[in-house]
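Okay, structure first, notes after.
Here the structure is a predicted model, which is why all the values come from computation and not from measurement.
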Amino acid sequence: MCPDAAPAHGPDASPDASPDASAPLLTVISNVYDDAERLPRAVASALAAWDSAGPASGDGAGIEVLVVDDGSTDDTGAVADRLAASDPRVRVVHRGVNDGAPGAPRNLGIAEARGTYIAFCDSDDEYLPGTLRRLADLAVARDADVAVGGVARFNERTGRTTPLPATEYVSGPVEPLVPGSPLWQDTIAVAKVIRRAFLLEEGIRFPERILYEDQPFTVALWARAGRIATLPDTVYLWYVNNVAGEESITARRHEITNFHDRIAANRAIDAYLEGRPDLAAAKLDKFVRHDLALYGKDLDARDEAYRSAFVASARGYLADAPADRRAGLEQPYRLVVRELVDGTAEGAVAACLFAYRRRHLDRPLESRGERWWWPYRAPDAAGPEHDLSDVVRSQAVRGRHLATVSARTVTAAGARLALEGVVVDGDRSLGPAAALRLELVDRDTSAVVADCATRLRDGAFTGALVVPDAAPGVTGPSAYAVRASFPRRGLAARVLGVLRVVRAGAAQPVEVPASLELPTLDVPGRDGPLHAYRTRNGNLGLRPLLDGESSADPSSAPS
C-alpha cells in the first residue's frame with residue numbers, strides 16, 4: 001500500500017462496505033473557490049458529458065456532480081446551492097475554510113463521493129459532451145482502475161485550442177508506470193475516471209496545503225493501478241488565461257513560493273515511490289527535464305532574490321540524489337544538477353539557461369586541448385559534468401552553431417524594426433566578422449516575410465526588418481518571430497573533428513532581455529499596430545494587441 005502523502009479530510013468510507021444500489025456509477029468532484037461565474041458552465045459540462053452518449057454499461061444509477069465549496073468568500077456557495085436545487089444529480093459540500101490549495105477539498109470530495117468511479121473537473125474548465133460516459137464505459141468494459149482521455153488547452157486570450165501532448169494516448173490499455181513510460185508526462189488529475197475503491201484501498205490522496213497536488217496523486221495512480229485504459233480522444237478543455245495578474249495560481253511561476261510548492265510536490269512523489277527503486281532514476285530525469293525547465297528558462301527575467309531562493313531550494317532537494325543516479329542523466333542536465341548542487345549561484349543560473357533556453361550562453365565555452373568545458377568552473381574544480389564536448393559535437397553534426405543572438409536595442413519607425421545586438425560565439429566557430437541574416441517569420445505559416453543581411457563586427461551587429469503591408473481587408477497573422485542564421489562563405493568550420501555544414505535556412509530565435517522596453521509599429525493596411533514583445537521563452541516577436549490589452553504587458557505574450 002502506498003503511504004499517504006497527506007491525511008484525507010473527513011472520514012473514509014470503507015472499501016469493503018456493501019454497495020448502495022441507488023448510488024451513481026460516477027461522481028464528478030468539482031472543487032471551487034470564489035468562481036461563481038464559471039461554476040455553472042463546469043457543472044453543466046459534466047452533466048452533458050454523461051447525458052450525450054447513450055446508456056452506460058455496468059451497474060450504477062448514472063452520475064452525480066459533487067461541488068465542494070472551498071470556503072468561498074463571494075456568492076459561489078449560493079450559486080452552488082441553486083445548481084443543486086435545480087438538478088437532483090448535483091450535491092454541494094461547504095467547506096468552511098480555505099488553505100489556498102486544492103488538495104483538501106479534493107480529498108473531501110473523495111470521502112463524500114457515492115459513485116463507484118470518480119472524476120475531477122476544475123470550476124473554470126469543462127468536459128466535452130459524452131466523454132465522461134465513454135470513459136466510464138471504457139473503465140467498466142476493461143475492468144480498469146483508471147480510464148484516461150486527452151486534454152486540450154483553450155487559450156482565453158486568443159480563442160485557440162491546442163492538444164496537450166502529454167495526454168495524447170493511443171487506443172487500448174497501457175502498462176502501469178515503468179522507466180520511459182509516457183505516463184510520467186501526464187500529471188494532471190482531470191480527464192480520468194478512477195475506481196474509488198482503488199483509491200481507498202491504496203490510500204492514495206492529494207497532498208494538502210501545496211500547489212501541484214496533482215503530481216503526487218497521478219504518479220501514485222500510475223504506479224499502483226492494476227489496469228489502465230486509454231481513450232485516444234480529447235475529453236477535457238483546460239482554460240488557460242495568460243493575461244498578467246489573472247493567471248491561475250499554478251501559472252504564477254514568477255512567485256518563488258510557486259517553486260517551493262513544486263519541490264514539496266516532488267518530495268511527496270518520492271514518498272509514494274519509496275518502495276519502487278526501479279523508478280528513482282526515471283523520476284529524477286523527469287524532474288530535471290520538465291519541472292526545473294519551467295523555472296530555469298526564465299531565470300534571467302527574475303531578480304537576485306528570486307534567483308538566490310531558487311538555487312537554495314533546488315540545491316536542498318537535489319543534494320539528496322545519489323551521485324550515481326545523477327551520473328545517469330544526459331548532458332546538459334548533468335551539468336544543471338552539478339551546478340545547482342555545489343556550484344556558484346551565477347554558474348547554476350547560467351547552467352539552467354544553457355540547458356533550457358536553446359543552449360543560451362553569456363560567455364563562450366572554454367577550449368582545453370581537444371575538449372570544451374563549462375566556463376564557470378576553474379579547471380581544478382571541474383568534473384566530467386562540466387565537459388560539454390559531446391554537446392558541441394552534436395550541434396556540429398546537425399549543422400548548428402553553439403551561438404546566442406541577443407538584441408540589446410529595439411526601435412521602430414513606422415513599419416521598420418531596427419535591432420542592435422550581440423552574438424556570443426559559444427564554440428568559436430563563427431569568427432569576428434561572420435555573416436548574419438535576420439528574418440521575420442510568420443508564426444502561422446513559417447514563411448519568411450522579411451529579411452536583411454548584415455555582418456558581425458567584434459561580435460556586435462545592427463540590422464532592420466520592414467514588416468510588409470497587409471493586403472486590403474486582411475489584418476495579417478497573429479504573430480511574427482524574429483530569427484537569425486549564419487550563412488557561410490567558403491569552407492565550413494571544423495569542430496571537434498566534425499566538418500560543420502550549415503543547413504539552408506537554419507535559424508534560431510533572437511533573444512531579448514526582460515528589462516528592455518519594446519516599441520510598437522504602425523504597418524500600412526492593418527487594423528491596428530503591431531507590438532514588439534518578449535515571448536515566454538525569452539525571444540523577440542511581433543503581434544497585434546487585443547482589445548483592452550496594454551502594450552506594456554509582456555507577461556501576456558505567447559511562447
Side-chain angles (χ1 to χ4, degrees), residues 357-362 364-365 392 394-469 476-495 498-513 516 518-519 521 523 530-535 537-543 559:
R357 278 267 295 277
R358 294 180 59 89
R359 309 297 180 258
H360 171 96
L361 285 167
D362 287 321
L365 301 184
V392 174
S394 68
Q395 294 287 101
V397 166
R398 290 181 288 176
R400 297 177 181 174
H401 293 283
L402 194 64
T404 299
V405 183
S406 300
R408 299 301 173 87
T409 302
V410 181
T411 58
R416 185 176 183 273
L417 185 73
L419 309 178
E420 295 181 5
V422 296
V423 175
V424 177
D425 187 1
D427 55 16
R428 296 179 173 85
S429 62
L430 293 173
L436 175 69
R437 181 177 182 240
L438 297 174
E439 302 173 348
L440 189 65
V441 180
D442 182 334
R443 291 187 60 151
D444 290 336
T445 66
S446 298
V448 176
V449 300
D451 68 331
C452 75
T454 184
R455 188 168 289 278
L456 297 182
R457 288 176 171 77
D458 295 325
F461 70 90
T462 60
L465 297 165
V466 179
V467 182
D469 296 353
S478 60
Y480 296 103
V482 179
R483 296 178 182 167
S485 60
F486 301 96
R488 296 191 67 91
R489 297 177 180 174
L491 296 176
R494 185 174 294 275
V495 178
V498 176
L499 186 65
R500 184 190 304 276
V501 179
V502 180
R503 296 173 180 172
Q508 64 188 71
V510 174
E511 298 188 5
V512 63
L516 191 62
L518 297 173
L521 293 80
V523 181
L530 283 176
H531 174 58
Y533 73 102
R534 184 182 191 266
T535 73
N537 289 325
N539 305 322
L540 179 62
L542 298 175
R543 64 179 177 88
S559 297

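Evaluation of the side-chain contact (heavy atoms from CB on, under 4.5 Å) rule for T445 yields D442, A447 as partners, not counting sequence neighbours. Not counting sequence neighbours, R359 has no partner by the salt bridge (charged side-chain N to carboxylate O under 4.0 Å, His left out) test.
Contact record, P509 with R358: CD-NE, 3.1 Å, taken as the closest heavy-atom pair. The minimum heavy-atom distance linking G463 with C452 is given by the pair CA-SG, 4.1 Å. The two atoms that bring L456 and G431 nearest to each other are CD1-O, 4.3 Å, heavy atoms only. A435 and P487 get closest at one heavy-atom pair: CB-O, 3.4 Å. Looking at every heavy atom in both residues, L516 comes nearest to R408 through CD1-O, 3.4 Å. When all heavy atoms are compared, the tightest approach of A450 to V466 is CB-O, 3.3 Å.
Under a 3.5 Å cut-off, the side chain of R416 and the backbone N or O of T411 do not form any donor-acceptor pair. Between the R455 side chain and the A433 main chain, a donor and an acceptor come within less than 3.5 Å of each other.
L440 places a side-chain heavy atom less than 4.5 Å from the side chain of V467. Proximity of V441 to Y480: side-chain heavy atoms (C-beta onward) are nowhere separated by under 4.5 Å. Taking the side chain as every heavy atom from C-beta outward, V424 and P364 approach each other to under 4.5 Å.
From Q395, atom CD reaches atom CG of D427 across 8.0 Å, with rounding to the nearest 0.5 Å. The structure places OG1 of T404 at 5.0 Å from CG of L361, a figure rounded to the nearest 0.5 Å.
Residue R357 places its CZ atom among more than 12 non-hydrogen atoms of other residues, nucleotides or ligands, all under 6.0 Å distant.
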Test side-chain contact (heavy atoms from CB on, under 4.5 Å) applied to L436 and F486, step by step: CA-CA 5 Å; L436 175 69; F486 301 96; 3.5 Å; yes
With side-chain contact (heavy atoms from CB on, under 4.5 Å) as the criterion, how do V410 and L417 come out once you've worked through the C-alpha distance, each side chain's angles and the decisive distance to 0.1 Å? CA-CA 7 Å; V410 181; L417 185 73; 3.6 Å; yes
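Here the options are E511, R534, Q508, R483, the test is side chain to side chain contact (heavy atoms under 4.5 Å, CB included), and the partner is N539; only E511 passes. Residue L419 forms a side chain to side chain contact (heavy atoms under 4.5 Å, CB included) with just one option from T462, T454, V512, L438, and that option is L438.
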